[in-house]
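Any value given below was found using the heavy atoms of this structure, including those in side chains, with hydrogens, waters and symmetry copies removed. Throughout, numbering of the chain's residues begins at 1 and tracks the sequence.
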Amino acid sequence: MVDVQWWLSGYDNRVHAFGNEEADRDFGEALCEHCVPNTRITCTDEGERCLACLLIYGDLLADVHGEGLWRAS
């Protein structure tokens, strides 16, 4: 499972899921492939979240924890 941090991008003012494997680079790449220089990343999760990152991260969670049983009432 990828360990992610939800950080604000100064390029599009959305909160993206950045993986920790990007720590040694001069730029960060989010799960949605949004790239931004580290100088334009704010370490806050306040703001509108990237829908693509949410969907990708949710899919990763389902892979790890199982999708569960869904039933209509």
Please evaluate residues H34 and S9 with respect to the criterion side chain to side chain contact (heavy atoms under 4.5 Å, CB included), reporting the C-alpha separation (whole Å), side-chain torsions for both, the decisive distance (0.1 Å), and the verdict. CA-CA 9 Å; H34 174 78; S9 166; 2.8 Å; yes

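- A distance-only check finds a donor-acceptor pair linking the side chain of T44 to the backbone of E46 [under 3.5 Å].
- Put simply, L61 and V15 are part of the same group of oily side chains (I, L, V, M, F, W, Y) that touch within less than 4.5 Å, one to the next.
- Residues F27 and N38 come closest through the heavy atom pair C-OD1, 3.4 Å.
- Rounding to the nearest 0.5 Å gives a distance of 9.5 Å between SG of C35 and OH of Y11.
- Nearest heavy-atom pair across L8 and N13 is CD1-C, 3.6 Å.
- With rounding to the nearest 0.5 Å, the separation of CZ in F18 from CH2 in W6 is 10.0 Å.
- Checked options I56, L55, L54; the residue passing with L31 is I56 (criterion: side chain to side chain contact (heavy atoms under 4.5 Å, CB included)).
- Closest approach of H16 and A30 over heavy atoms only: CB-CB, 3.6 Å.
- The number of heavy atoms from other shown groups lying within 6.0 Å of CZ (R14) does not exceed 12.
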